[in-house]
Amino acid sequence: MTAFDYAPAPESASVVDIASSYGLFINGEFTDATSGESLKTINPATEENLAEVAVAGTEDVERAVRAARTAYERTWGPMPGPERSKYLFRIARLLAERSREFAVLEVLDNGKPIREARDMDIPMASAYFFYYAGWADKLDYAGRGANPRPHGVAGQVIPWNFPLLMLAWKIAPALAAGNTVVLKPAETTPLTALLFADLLQQADLPPGVVNIITGAGRTGADLIAHPDVDKVAFTGSTKVGKQIARQVAGTHKQATLELGGKAANIIFDDAPVDQAVEGIVNGIYFNAGQVCCAGSRLLVAESVADEVIDRLKARLGTLRVGDPMDKNTDVGAVNSAAQLSRITELANAGDAEGAVRWSAPGDLPEKGYWFPPTVFTEVSTAHRIAREEIFGPVLSVLTFRTPDEAIAKANNTPYGLSAGVWTEKGSRILAMADAIRSGVVWANTFNKFDPASPFGGYKESGYGREGGRHGLLPYLIEGGTQ
Ligand code: NAD
């Protein structure tokens, strides 16, 4: 049987207007940065320059926090919950209406396939706003007692792997609870946050309720250090998360940290193999593995390991790697040259330590940042590729003989964000979920999200939860009865 060839099915970049330069979004309008500095954001699939964005300096951070404080005291804080809720519903609807524009822009700035941005990132971002819109007038039932209060100004810093979705995870619960926001997107993916600022103008959100300031780590550090920020929310690397934890220790600020992961995806010998293979692919090649909860360690029962690996390699041979704007593409570009060199360095360490590398056959585009879907076998728990977060399309395979060995290996990591269990036995699923030290355990599926369901880590994967009722709690203080 010959495989069908796919005709190109390119999405159109013309559905979105990208300005040549962007200022900061402070107090409801775009303004120049007083720092006078800027940075370029590029398309990682082509290395083309997309736009220049302002870098917020200390004075700009000051202006943004002041705008958020004023809005908190004068408009958003005193506003009744049902009124706040109307704005959140409006934002959710506008995101849904403008989803194609947002999806295309996310692809251009991030490098992920349009299929993922269109079917996951943008609809989920809208869904989180819809979900938290429903909470804004029901905060008495959130779990902080009657009449809970917001903190005030939330300083939020997010990474580049799900730019708009991480923005939604941060902004939606903060606003529902009555806080105002200063958010800093990642330096390599600022554009959907800036388009979101445009959407906020369209939604008539009162000025200062959400402020978006662009820049790199220094801007993020300035924001978190600002004395008038009451609540800190950070998603990013464990290294920066630890710095932030030290920075806020001993201050009045409360922090939520969503950090790295090294999830075990555990395949028992009674698992339905074809479904498990799809789960492995979704677990580590979705968003080219640049996912904090990626199933980057495959733990497979020794008796079925050969069969699972053979079928996995056959499946990986069918993945289409390349132009992220093509609707048939499965795996897009790596987000930046820096990330590509980190993935390359760790994969080389896998070779050097004696693991066996296999990469899916096929040519990669010449321009841009690419890494082929890769599987390492003969991996031991001591190898760097089994311990460190690679944050790329690289799977490390380990085997086990007993459930206890699987549990010991799964928990043998400083991280604790997510895990997957594949088995036909319900009792085994429950026992594994009890024994694995991670915030999320998926059973016979992987990388599934729902706005009503909390997500977050144990150990060095951070603390606090996002999503669901639990995701509101970090944005609320006990109010007591009045
Ligand atoms: P990063 O920590 O380098 O950067 C994240 C954000 O923090 C960026 O906006 C960056 O500009 C900013 N930043 C950098 N230094 C800072 C500092 N000193 N103070 C304040 N802000 C600073 O991480 P990254 O490479 O952009 O993202 C990848 C990491 O994020 C991975 O480790 C991944 O696991 C993690 N991540 C976690 C989750 C989660 O929910 N747990 C989700 C997505 C990504």
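This one's a predicted model, so the numbers in the text were calculated from it and none came from an experiment. One-based numbering, in listed order, for ligands and for the atoms of each.
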Proximity of [X] to ligand 1 by residue part, where a heavy atom lies under 4.0 Å:
X: F234; value: side chain
X: L259; value: backbone
X: E389; value: side chain
X: A221; value: both
X: Q339; value: neither
X: Q290; value: neither

(request) May I ask you to decide whether R357 forms a salt bridge with D351, counting only side-chain N to carboxylate O separations under 4.0 Å? (result)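 Result for this pair is yes, salt bridge flagged.
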(request) Quick one: pull up CZ in F102 and CG in L164 and give me the separation to the nearest 0.5 Å. (result)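 F102 atom CZ to L164 atom CG measures 6.0 Å (nearest 0.5 Å).
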May I ask you to identify the nearest protein heavy atom to [atom], giving residue, atom name and distance to one decimal place in Å?
atom: atom 39 (C) of ligand 1; answer: C292 SG, 3.1 Å
atom: atom 2 (O) of ligand 1; answer: S237 OG, 2.6 Å
atom: atom 35 (C) of ligand 1; answer: G236 O, 3.0 Å

Which ligand 1 atoms does [X] reach within 4.0 Å, using its non-hydrogen atoms?
X: T235; result: 5 (C), 36 (N), 37 (C), 38 (C), 39 (C), 40 (O), 42 (C), 43 (C), 44 (C)
X: V157; result: 6 (C), 7 (O), 9 (O), 12 (C), 21 (N)
X: N161; result: 43 (C), 44 (C)

(message) Would you say atom 4 (O) of ligand 1 makes contact with the protein, given that contact here means a non-hydrogen protein atom less than 4.0 Å away?
(response)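 No, there is no protein heavy atom closer to it than 4.0 Å.
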